[in-house]
Number of protein chains: 2
Amino acid sequence: MRLSEFELEVMQLFWVCAQLSAPEAHQEIIKNKDVTYSTVKTIIDRLEKKGAIKRTSQKGRTIFYGAAIQSDDIKQPLISSFIKKVFGGETRPLFNHLVNEEKLSRDDIAYLEELLEKKKKELD
Amino acid sequence: MRLSEFELEVMQLFWVCAQLSAPEAHQEIIKNKDVTYSTVKTIIDRLEKKGAIKRTSQKGRTIFYGAAIQSDDIKQPLISSFIKKVFGGETRPLFNHLVNEEKLSRDDIAYLEELLEKKKKELD
DNA sequence: CAACTATATCGACAAGTGTAGATTTATGAG
DNA sequence: CTCATAAATCTACACTTGTCGATATAGTTG
């Protein structure tokens, strides 16, 4: 399933919050960008039509939605295709960028080193 | 400057090849996807209009183009915004994915470790 | 030089995307 | 029970994107 940029942004809310109404989602979104309720609701409608979220309950007129797809099912392919598109599938240039251009703290580095240690053991 | 997915794909050619004509670009592209010359030429026209490439020379009727923007000027923001969109700006989940889901060779791991060593020294 | 052919140029179109106004309607408050 | 209001529903529109065909034209070749 392909999600547009904005759809993904809204979807993230549902991956964090189990239940969310359109007005609530709108409240969250406008913390970052200035859009009307209608706009957010349209995105929610499209997500529903795509089967990315589904109605889970209702309180008064207000409909609550919940994620109907796993975050990983969307993100994994997204990452792979991103690496492919931007780096021709090579991970090294990406690591390079990550380590050198993004602000890594010492903790981040330690975290990564630990990941690598684990990975090395698995490879044996 | 924002590039569409296909525009980026074509742009990659110009970052590898200093000079490229539309027919040549087309030849390259059809190695991966089945599109007509017209389609590729349209993308090239749009890239030119955007100022991403420019005409560098001409041989007969054939126009040669070259990149007018640096690869990094496009890729760096692309990576940052990707991390933000998909991981809320957190690099760790991305590292997690990279180390565990993408196929890393021992060499890749060694490479990354070296990167990290260097980085650590820089931080001192 | 005339015809052929490869390129360039131009216009077009459907689908997807971000955006939002207008309209309907179910509820909760009085 | 009526009414105000919030939420849902519906419709719309401009812009981007991928896609290409038709047409014009400049070189190349016999």
Side-chain angles (χ1 to χ4, degrees), chain A residues 1-14 17 19-66 74 77-78 81-82 84-86, chain B residues 1-14 19-66 74 78 81-82 84-86:
Chain A
M1 170 172 3
R2 173 171 174 89
L3 300 184
S4 79
E5 203 162 318
F6 198 1
E7 284 168 356
L8 179 63
E9 186 179 347
V10 171
M11 203 56 214
Q12 305 270 17
L13 298 177
F14 291 100
C17 250
Q19 298 272 106
L20 221 48
S21 68
E24 285 168 352
H26 178 228
Q27 285 310 307
E28 285 302 313
I29 291 295
I30 57 177
K31 288 178 184 169
N32 299 318
K33 54 199 302 195
D34 183 35
V35 287
T36 68
Y37 166 78
S38 268
T39 300
V40 174
K41 184 55 163 61
T42 299
I43 298 300
I44 288 182
D45 290 344
R46 289 178 184 165
L47 284 173
E48 191 191 7
K49 185 165 298 175
K50 287 185 178 182
I53 60 178
K54 59 181 196 303
R55 295 166 185 230
T56 53
S57 69
Q58 188 153 357
K59 178 168 187 177
R61 296 193 70 208
T62 312
I63 300 159
F64 288 83
Y65 302 84
I74 295 297
L78 222 46
S81 86
F82 179 80
K84 192 171 176 192
K85 278 183 307 194
V86 179
Chain B
M1 171 171 5
R2 174 170 173 88
L3 301 184
S4 79
E5 204 161 317
F6 197 1
E7 283 168 356
L8 180 63
E9 186 179 346
V10 171
M11 203 56 213
Q12 305 269 16
L13 298 177
F14 289 101
Q19 299 272 106
L20 221 48
S21 68
E24 285 169 352
H26 178 229
Q27 286 310 308
E28 285 301 314
I29 292 295
I30 56 177
K31 288 178 185 170
N32 300 317
K33 54 199 301 196
D34 183 35
V35 286
T36 68
Y37 166 78
S38 270
T39 300
V40 174
K41 183 56 163 60
T42 298
I43 298 301
I44 288 182
D45 290 343
R46 288 178 186 165
L47 284 173
E48 190 191 7
K49 185 165 298 176
K50 286 185 178 183
I53 59 178
K54 59 180 196 305
R55 293 164 187 233
T56 53
S57 68
Q58 188 153 355
K59 180 168 186 177
R61 298 192 68 208
T62 312
I63 300 160
F64 287 82
Y65 301 84
I74 295 296
L78 221 48
S81 87
F82 179 80
K84 191 170 176 192
K85 279 183 306 194
V86 179

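The chains referred to below are lettered A, B, ... by the order of the sequence lines, with proteins before strands, and numbering in each begins at 1. Side-chain atoms are counted along with the backbone in the values below, which use heavy atoms only and exclude waters and symmetry mates.
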K.L.:
Closest nucleotide of DNA chain C for B/K41 versus for B/R46: which of these residues is on the 5' side?
P.N.:
B/K41

K.L.:
Base, sugar-phosphate, or nothing for B/T62, non-hydrogen atoms under 4.0 angstrom?
P.N.:
sugar-phosphate

K.L.:
It should be established whether A/T39 places a side-chain nitrogen or oxygen under 4.0 Å from OP1 or OP2 of nucleotide C/dA20.
P.N.:
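For A/T39, the contact criterion (side-chain N or O under 4.0 Å from OP1 or OP2 of C/dA20) is met.
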
K.L.:
Do the rings of A/F82 and B/F82 sit parallel, tilted or perpendicular, given the 30° and 60° boundaries?
P.N.:
parallel

K.L.:
For the residue pair B/I44 and B/A22, what are the closest heavy atoms and their distance?
P.N.:
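Here B/I44 and B/A22 meet closest at CD1-CA, 3.6 Å.
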
K.L.:
Does the pair B/R46/B/E7 count as a salt bridge with the N-to-O cut at 4.0 Å?
P.N.:
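Here B/R46 does not pair with B/E7 in a salt bridge, since their nearest N and O are not under 4.0 Å apart.
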
K.L.:
Calculate the interatomic distance between B/R61 atom CZ and C/dT7 atom P; express it in whole Å.
P.N.:
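Computing the B/R61:CZ to C/dT7:P distance gives 9 Å.
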
K.L.:
Starting at CD1 of A/I44 and ending at C1' of C/dT17, how long is that distance when rounded to a whole Å?
P.N.:
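So the two atoms are 16 Å apart, to the nearest Å.
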
K.L.:
For the backbone of B/S21 and the side chain of B/E24, can you confirm whether one donor and one acceptor N or O come within less than 3.5 Å of each other?
P.N.:
yes

K.L.:
Tell me: NZ of B/K49 to P of C/dA8, nearest whole Å?
P.N.:
16 Å

K.L.:
Rounded to whole Å, please give me the gap between CD1 in A/I29 and P in C/dT19.
P.N.:
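One finds 10 Å between P of C/dT19 and CD1 of A/I29, rounded.
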
K.L.:
Taking only the side-chain nitrogens and oxygens of B/Y37, find out if one of them lies under 4.0 Å from OP1 or OP2 of D/dT19.
P.N.:
no

K.L.:
Hey, which of these two, B/D34 or B/K50, hits DNA chain D nearer its 5' end, going by closest nucleotide?
P.N.:
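On the 5' side of the pair lies B/K50.
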
K.L.:
Counting only side-chain N and O atoms of A/R2, is one of them less than 4.0 Å from OP1 or OP2 of C/dT17?
P.N.:
yes

K.L.:
So, B/K54 and B/E48, do they make that salt bridge, N to O below 4.0 Å?
P.N.:
no

K.L.:
Using a 4.5 Å cut-off on heavy atoms from C-beta on, say whether the side chain of A/L13 contacts that of A/I29.
P.N.:
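Sidechains of A/L13 and A/I29: in contact.
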
K.L.:
What residues in residues 4-12 of chain A put a non-hydrogen atom under 4.0 Å from any atom of DNA chain C?
P.N.:
A/S4, A/E5, A/F6

K.L.:
Please pick, from C/dA8, C/dT27, C/dG18, the nucleotide with the shortest atom-to-atom distance to any side-chain atom of B/P23.
P.N.:
C/dA8

K.L.:
Using a cut-off of strictly less than 4.0 Å, decide whether A/K59 has a side-chain nitrogen or oxygen near OP1 or OP2 of D/dA6.
P.N.:
no

K.L.:
Let me know the distance between CG of A/N32 and C1' of C/dG18, rounded to the nearest Å.
P.N.:
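Rounded to the whole Å, the gap is 16 Å.
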
K.L.:
Starting at CD1 of A/I43 and ending at P of C/dA20, how long is that distance when rounded to a whole Å?
P.N.:
11 Å

K.L.:
Cationic tip of B/K33 within the cone over B/F6's six-membered ring, i.e. under 6.0 Å and within 45° of the normal?
P.N.:
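Yes, a cation-pi geometry.
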
K.L.:
Rounded to whole Å, how long is the line connecting atom CD of B/Q58 with atom C1' of C/dT7?
P.N.:
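It works out to 10 Å between those atoms.
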
K.L.:
Taking the side chain as every heavy atom from C-beta outward, state whether B/L78 and B/L3 have any atom pair closer than 4.5 Å.
P.N.:
no

K.L.:
To the nearest Å, give me how far apart NE2 (B/H26) and P (C/dA6) are.
P.N.:
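Rounded to the whole Å, the gap is 14 Å.
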
K.L.:
So, is B/S38 near the phosphate of D/dG21, with a side-chain N or O under 4.0 Å from OP1 or OP2?
P.N.:
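It does not, given that no N or O in the side chain of B/S38 lies less than 4.0 Å from OP1 or OP2 of D/dG21.
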
K.L.:
Looking across every strand, which nucleic acid part, if any, lies under 4.0 Å from A/T42 by heavy atom: base, sugar-phosphate, or nothing?
P.N.:
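Base contact - A/T42 has a heavy atom under 4.0 Å of at least one base atom.
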
